[in-house]
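Input: a single structure, listed below in structure tokens.
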Number of protein chains: 2
Amino acid sequence: MSLKHAILVLLETEPSSGYDLVKHFKSRLGYFWNAKHQQVYLQLKKLTEDEWITFKAHSQSNKPDKKVYEITELGRKGLGDWISQPVKPNKINDALLVKLYGGHLTSKDNILAELAAHKKSHESVLENLLNIENNYLELNKDKQAHYLLPYMTLRRGIIGEKAWLEWADEVEKTLSI
Amino acid sequence: MSLKHAILVLLETEPSSGYDLVKHFKSRLGYFWNAKHQQVYLQLKKLTEDEWITFKAHSQSNKPDKKVYEITELGRKGLGDWISQPVKPNKINDALLVKLYGGHLTSKDNILAELAAHKKSHESVLENLLNIENNYLELNKDKQAHYLLPYMTLRRGIIGEKAWLEWADEVEKTLSI
DNA sequence: ATCTAATATGCAACTTTTTGCATATTAGAT
DNA sequence: ATCTAATATGCAAAAAGTTGCATATTAGAT
């Protein structure tokens, strides 16, 4: 039950609407957490009922109204408690690897085409992460220190994506012989 | 819905009991797929109802009886169909990164201790994968060619775990300043 | 005017996964 | 004899996630 906590850490950094959070997950923290908008809105509702967060309706002149949520003291305490407890190692369920494992049941071309498609998507994620890194590196030292931990999570994304692409190249070379 | 397919690719390689499959997931394919035994037994039941797999009861003198499942023609066809279709890029939900992102809510020692614990677990996974790789590399060329695709998935595990450890070292160094 | 895309939120049904509980066999240790 | 650990399987309830559907606002294009 960690979508809850993923939402809370983001709200702890800055108040946001559900829509903002989803965009955050989609665009910047995809290597970190993924959630559909329906799931996010549901958790926001539950967190509001538990009084871990509150919201204010913000009317916008150029866009539909939105609810901007912020974390409460209760929420900050709950989040702190969770963060102080150990978390389980990450669970990996990778359908592409399942497919590759059983790749003899389809054509080599099909496998290579699918790999190429995934490669494109990983390349675009990496590019995006590198842009964010560049922005971070241009900050002054105080701000860099302030965002050090989020930056460390960004580094996980960058190193992880590079490793994925390295692996994909290896597979392409091996299968093309 | 890919646990189903993960089970099928394993059964397509060799007939196994539910217990074997779980051990497989736990010990060798943890970088590939993870599932609790209850979930595996449930899917085996459903796959049997759909006649994608069948089982024979094997009585063992030194251990409790077990059901050894094997894939049917119907199952092989279903698996082949699934493998020919594109799969979505992998979804990542990483609680450790959530924790690190909000790490200012706990102590640096706590963060470093947790990181060290995860590091140990990743080191042991990597060691395990490298042992399997060594076994693979000692096979003759025919066998190596036969297991090439599973070996590629193993490589994903090795490259991924090395990248994880590289990242963890970077975090340790950065936070220890 | 009408269509499209982006913004913004949400319910309901269904699937998948997790957690808790439960049982049974055999080997080996105390 | 009894306890422990490994082997082996499963049901039921709850939690988490996905898919389908639904609605409303505003900007900009046709």
Side-chain angles (χ1 to χ4, degrees), chain A residues 1-8 11 15-27 30 32-50 53-69 82 87-95 98, chain B residues 1-8 11 15-27 30 32-50 53-69 82 87-95 98:
Chain A
M1 219 227 290
S2 276
L3 168 55
K4 197 165 123 174
H5 304 107
I7 290 172
L8 285 170
L11 292 182
S16 318
S17 66
Y19 195 82
D20 295 337
L21 291 169
V22 173
K23 265 204 306 186
H24 227 74
F25 285 137
K26 260 191 204 155
S27 66
F32 173 117
W33 205 269
N34 282 275
K36 311 272 176 191
H37 79 266
Q38 295 94 329
Q39 187 74 1
V40 170
Y41 286 118
L42 186 68
Q43 288 300 325
L44 286 172
K45 196 186 166 189
K46 286 185 183 173
L47 284 165
T48 306
E49 281 165 9
D50 293 345
I53 60 178
T54 51
F55 70 89
K56 282 175 195 154
H58 278 231
S59 49
Q60 307 174 108
S61 56
N62 57 339
K63 285 170 195 170
D65 295 358
K66 63 177 174 180
K67 294 178 180 176
V68 175
Y69 290 88
W82 177 77
V87 294
K88 286 178 212 159
N90 211 28
K91 208 192 80 165
I92 296 168
N93 286 10
D94 191 328
V98 174
Chain B
M1 217 228 290
S2 275
L3 168 56
K4 196 165 123 172
H5 303 107
I7 290 173
L8 285 170
L11 291 184
S16 317
S17 67
Y19 195 81
D20 294 337
L21 291 169
V22 173
K23 265 203 307 185
H24 226 75
F25 285 138
K26 262 192 204 152
S27 65
F32 175 126
W33 205 269
N34 282 275
K36 310 271 179 193
H37 79 266
Q38 295 94 327
Q39 186 71 2
V40 170
Y41 286 118
L42 186 67
Q43 288 300 326
L44 285 172
K45 197 186 167 189
K46 285 185 182 173
L47 284 165
T48 305
E49 281 164 10
D50 294 344
I53 60 177
T54 50
F55 70 89
K56 281 174 195 155
H58 279 230
S59 50
Q60 306 173 106
S61 55
N62 56 339
K63 284 170 195 173
D65 295 358
K66 65 177 172 180
K67 294 179 179 175
V68 176
Y69 290 88
W82 178 78
V87 293
K88 286 179 214 159
N90 212 30
K91 209 191 77 163
I92 295 167
N93 287 10
D94 192 327
V98 174

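Numbered from 1 within each chain, the chains take letters A, B, ... in sequence-line order.
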Which atoms form the tightest heavy-atom contact between A/D20 and A/K66, and what is the distance?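 Closest approach of A/D20 to A/K66: OD2-NZ, 3.5 Å.
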Which atoms form the tightest heavy-atom contact between B/P15 and B/V68, and what is the distance? CB-CG1, 3.8 Å
Point-to-point distance, once rounded to the nearest 0.5 Å, from CZ of B/F25 to CG of B/N34: 8.5 Å
Distance, nearest 0.5 Å, that separates CD of B/Q39 from CG of B/L21: 13.0 Å
Distance check needed: [N] [atom2] versus [X] [atom1], whole Å only.
| X | N | atom1 | atom2 | answer |
| --- | --- | --- | --- | --- |
| B/H37 | D/dG10 | NE2 | P | 10 Å |
| A/Y19 | C/dG10 | OH | C1' | 15 Å |
| B/F55 | D/dT9 | CZ | P | 10 Å |
| B/H24 | D/dT7 | NE2 | P | 15 Å |
| B/N93 | C/dT17 | CG | P | 13 Å |
| A/L21 | C/dA8 | CG | P | 12 Å |
| A/D20 | C/dA6 | CG | P | 17 Å |
| A/K46 | C/dG10 | NZ | C1' | 14 Å |

Nearest to side-chain heavy atoms of [X], which nucleotide of [options]:
| X | options | value |
| --- | --- | --- |
| A/P64 | C/dA8, C/dT17, C/dT19 | C/dA8 |
| B/N62 | D/dT7, C/dT17, C/dT26 | C/dT26 |
| A/Q38 | C/dT17, C/dG10, D/dA8 | C/dG10 |

Given [N], is OP1 or OP2 found less than 4.0 Å from the side-chain N or O atoms of [X]?
| X | N | value |
| --- | --- | --- |
| A/Q39 | D/dG17 | yes |
| B/Y41 | D/dT9 | yes |
| B/K36 | C/dT19 | yes |
| A/K45 | C/dC11 | yes |
| B/K88 | D/dT19 | yes |

Once you apply a heavy-atom cut-off of 4.0 Å, does A/Q43 come out as touching a base, just sugar-phosphate, or nothing?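 Touches nothing.
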At under 4.0 Å between heavy atoms, what does B/K91 touch on the DNA or RNA strands: base, sugar-phosphate, or nothing?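 Answer is sugar-phosphate: B/K91 comes under 4.0 Å of backbone atoms only.
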Less than 4.5 Å apart, side chain to side chain, heavy atoms only: is that true for [X] and [Y]?
| X | Y | answer |
| --- | --- | --- |
| B/T54 | B/T48 | no |
| B/D94 | A/W33 | no |
| A/V40 | A/Y19 | no |

Measure the acute angle between the ring planes of A/W82 and A/H5, then classify it against the limits of 30° and 60° as parallel, tilted or perpendicular. parallel
What base-paired stems does DNA chain D take part in, with at least 3 consecutive Watson-Crick or G-U wobble pairs and both distances under 3.5 Å?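 Ordered by first number, the stems with DNA chain D (at least 3 consecutive pairs each) read C:1-30 with D:1-30.
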Comparing A/W33 and A/K63 on DNA chain D - which has the more 5′ nearest nucleotide: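 In this pair, the answer is A/W33.
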With DNA chain D as reference, determine whether B/Q60 or A/L42 sits nearer its 5' end, using the nearest nucleotide of each. B/Q60
